[in-house]
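Notes follow the structure.
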Amino acid sequence: MFTIATLGPEGSNSWQAACQYNPAAKILTFGHIGEVFASFTENCCDIALIPVYNTREGSIRTSSRKIAASKGLYWVDNVVLPIHVSLFSFQADFKQGDEIHTIIGRASVLRQSRDFLDSVYPDATQMAVHDIDSTINQTGSGQSKGFAVIDTEEVGRRHALTLVKRELASHNRTRFAVVARHPAVKTGYDATAVITIPLKDRVGLLVDILNEFTCRGINIIDMQSENDVKTQKLQIYLEFEGHKEEPLIAEMLRTIEEAVIQEKNSLNILGSFPRVDMREKNIKAIGFIGTGAMSHWFAERLRGEGYRTLLTGRTTTITPVEMIARVDVVVICVPISVTTETIRQYAPKLHDGQALIILAGESEHNIEAALTFSGEGVEVMFIHNLWGPQSATMKDKHAAVVHTSKAGALCNEIEAFLYKHGVDIYQDTPRKHDLLMGVGQKLPTTISVALAKTFKDHNLDYKDIASHSTLTSLYGILAMARIHNQNPRTYAEIMATGGEGKKIVRSFAENILKLMDLAEDSQISALCEVMEENRSVMPAAFLEARMSEAKAVDEILSRPGIRKA
């Protein structure tokens with residue numbers, strides 16, 4: 001029979017977690033974590049289940065240390081259990097208001113109930129015990145007036161104690177680690193836990209370790225540091241997203257050990273296991289209307305966060321209407337020219353309690369349509385991600401977000417997903433967004449296409465372009481080449497967007513004509529005056545930052561062979 005070793009007694013939280021993990025298993029209960037791990041040595045169990053984190057008392061460090069010290073054992077899974085603790089009296093005739101001077105409980109249960117005890121029984125003596133069953137039996141056999149117990153209702157009922165109060169600690173959940181003799185296989189939604197050996201002193205060591213996670217965009221779920229009891233050297237516990245066998249994770253761990261800590265076997269990998277999120281999510285499933293590359297890109301990363309995703313379009317077996325009935329959030333990600341019409345078609349199909357996310361480049365008309373055609377209880381938010389599906393990560397990328405009056409918890413969770421992955425989020429109004437996109441996308445795209453058409457009209461030889469360009473004039477040529485090296489439909493859609501961005505291109509065209517007139521009339525002083533006026537409204541910080549970026553680009557373009565190519 002499959003056997004689980006855990007902390008007792010029967011009815012304890014650990015015992016309940018073991019029952020939840022495998023209801024058919026034989027459960028062996030012990031009074032101490034050391035005894036649980038000893039059962040492995042004696043081959044008395046198949047797995048062990050031990051508490052590693054509680055929402056009210058934090059990490060339980062004894063557990064991670066025990067796993068690290070046990071050779072040939074692996075952390076392979078998790079169980080999250082809501083913890084319900086109650087107060088019981090030994091007196092059968094206990095009445096509210098009767099004195100309680102001594103409260104008995106396991107140390108972890110007393111810690112979880114600290115807020116209640118401090119406010120209701122601040123003067124009572126708290127007695128922490130390992131074996132709650134034996135203590136209850138011994139206390140009950142003698143003078144028990146004024147004595148109380150904090151534990152689960154299962155324990156209270158088994159000993160026929162009198163219930164005084166239920167639910168002493170709200171928002172109380174414990175995460176239990178499942179420990180086995182064989183490592184867990186990858187699931188695609190995993191986490192890894194490691195603990196270092198006691199480390200030698202070195203300035204900035206912790207920061208250097210954390211930088212290895214940051215530069216790869218790997219999210220740290222939990223981190224604890226403490227001094228080793230024996231050596232008083234720093235020891236670090238880290239839990240992070242990803243499986244130890246993933247190439248990116250394996251390479252990072254190797255770098256930390258060999259290049260940062262610079263000591264072999266300095267990382268003890270406790271295990272990789274299916275990821276568990278102690279924070280409750282409002283969203284379970286997310287559906288996309290649109291099956292383009294950007295929809296696939298986002299869906300893959302959302303699946304990596306544990307969300308179920310559905311993609312729908314003209315050729316999918318499931319229709320958008322069928323998908324809408326199965327998800328919490330609907331994302332519209334279609335070509336710009338059909339976004340508004342798609343919103344009008346499908347927004348009325350959403351019901352209260354769902355969210356509509358518009359993933360597009362133009363906001364005013366699309367947001368107006370979403371607010372008009374969706375129900376009052378449907379959340380609405382606009383996101384414009386300023387990167388393409390070729391990007392490896394979202395780290396340090398930009399996104400413009402427009403919160404509407406109907407945005408709520410579901411929209412906030414989507415925004416939190418972007419923030420978690422390192423996106424720089426800019427909160428816009430619809431008008432501000434479209435004006436800025438006129439500057440950042442519509443105008444540069446129009447200029448690039450016009451520049452290429454000018455080269456074509458004058459039959460210029462592209463082999464001569466680089467040799468006759470300064471570093472500054474080469475910037476525009478680089479943008480022109482990049483745009484014409486990708487899907488023309490994408491950039492045609494950008495140029496054809498409506499909204500306030502149209503003003504930017506039209507204003508630019510008018511200014512071009514004015515400057516042409518001044519230049520053809522050799523009005524050099526007037527041209528200088530225009531540039532001085534322009535510069536007077538540019539903040540110094542803006543100019544300095546852009547010059548710094550330009551110099552960095554210049555260094556690359558100045559390398560031998562770059563411009564010739």
Side-chain angles (χ1 to χ4, degrees), residues 214-215 217 360-364 382-388 391 393-403 415 418-419 421-451 469-483 491 494-495 497-516 518-519 523-559 562-563:
T214 302
C215 69
E362 190 267 323
S363 66
E364 281 188 281
F382 172 90
I383 298 174
H384 185 187
N385 57 294
L386 300 175
W387 67 88
S391 298
T393 71
M394 290 180 266
K395 182 171 172 53
D396 297 327
K397 304 296 191 302
H398 299 321
V401 173
V402 179
H403 279 265
E415 187 173 355
L418 297 175
Y419 178 82
H421 286 271
V423 176
D424 291 329
I425 298 171
Y426 296 90
Q427 306 289 346
D428 285 347
T429 63
R431 183 178 184 277
K432 176 184 176 183
H433 169 268
D434 289 353
L435 275 173
L436 289 174
M437 285 304 99
V439 175
Q441 287 193 316
K442 195 179 186 72
L443 178 60
T445 301
T446 305
I447 292 172
S448 295
V449 175
L451 182 60
S469 299
T470 66
L471 291 176
T472 300
S473 64
L474 196 57
Y475 295 163
I477 295 169
L478 292 175
M480 177 198 71
R482 181 169 183 170
I483 285 174
Y491 293 99
I494 290 172
M495 287 190 287
T497 55
E500 291 289 309
K502 291 190 295 185
K503 296 180 179 179
I504 298 297
V505 179
R506 183 64 59 185
S507 176
F508 178 84
E510 292 170 357
N511 286 320
I512 279 283
L513 294 174
K514 293 176 183 177
L515 291 171
M516 285 172 55
L518 292 174
Q523 298 291 321
I524 294 176
S525 296
L527 289 169
C528 289
E529 185 177 336
V530 170
M531 286 188 282
E532 288 295 341
E533 289 176 355
N534 291 342
R535 185 161 57 183
S536 68
V537 299
M538 295 181 183
F542 170 82
L543 291 173
E544 291 172 5
R546 300 296 80 79
M547 279 300 298
S548 178
E549 291 173 349
K551 288 177 181 177
V553 175
D554 288 352
E555 288 180 9
I556 296 174
L557 295 177
S558 298
R559 291 173 185 171
I562 293 290
R563 294 180 66 184

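Residues E555 and L471 fail the side-chain proximity criterion, which asks for heavy atoms closer than 4.5 Å. Side-chain contact between T214 and K395 is present, with at least one heavy-atom pair separated by less than 4.5 Å.
Note that the CD1 atom of I383 and the NE2 atom of H433 stand 11.0 Å from one another [nearest 0.5 Å]. C528 contributes atom SG, which lies 9.5 Å from atom CZ of R535 (distance to the nearest 0.5 angstrom). Atoms CE and NZ, on M495 and K442 in that order, are 8.5 Å from each other to the nearest 0.5 Å. Atoms CZ and CD, from F382 and E362 in turn, are 7.0 Å apart once rounded to the nearest 0.5 Å. Considering OG1 of T446 and CD1 of I504, their distance stands at 11.5 Å, rounded to 0.5 Å. One finds the CG atom of D424 at 12.5 Å from the CE atom of M394 (value rounded to the nearest 0.5 Å).
Checking each of L443, T445, I483 against I494 for a side-chain contact (heavy atoms from CB on, under 4.5 Å) leaves exactly one that passes, namely T445.
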Pair Y491, V449 - check side chain to side chain contact (heavy atoms under 4.5 Å, CB included), show working. CA-CA 9 Å; Y491 293 99; V449 175; 5.7 Å; no
Applying side chain to side chain contact (heavy atoms under 4.5 Å, CB included), run through E364 and L435 and close with a yes or a no. CA-CA 10 Å; E364 281 188 281; L435 275 173; over 6 Å; no
Assess the residue pair E529 and E533 against the criterion (side chain to side chain contact (heavy atoms under 4.5 Å, CB included)); give the C-alpha distance rounded to whole Å, side-chain angles, the decisive distance to 0.1 Å, and a yes or no. CA-CA 6 Å; E529 185 177 336; E533 289 176 355; 3.5 Å; yes
Would N385 and K397 satisfy side chain to side chain contact (heavy atoms under 4.5 Å, CB included), going step by step from the backbone distance to the final call? CA-CA 8 Å; N385 57 294; K397 304 296 191 302; over 6 Å; no
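In plain terms, the two heavy atoms of Y475 and D554 that are nearest each other are OH-OD1, 2.6 Å. S363 approaches P430 most closely through the heavy-atom pair OG-O, 3.0 Å. Nearest approach of G476 to L451, heavy atoms of both residues: O-CD2, 4.1 Å.
Sequence neighbours left out, the pairs with a member in residues 501-513 that pass side-chain hydrogen bond (donor to acceptor under 3.5 Å, both in side chains) are E500-K503.
E415 and Q427 form a side-chain donor-acceptor contact under 3.5 Å, judged by distance and modelled atom types alone.
Heavy-atom neighbours of L513 CG from other residues, nucleotides or ligands within 6.0 Å: above the threshold of 12.
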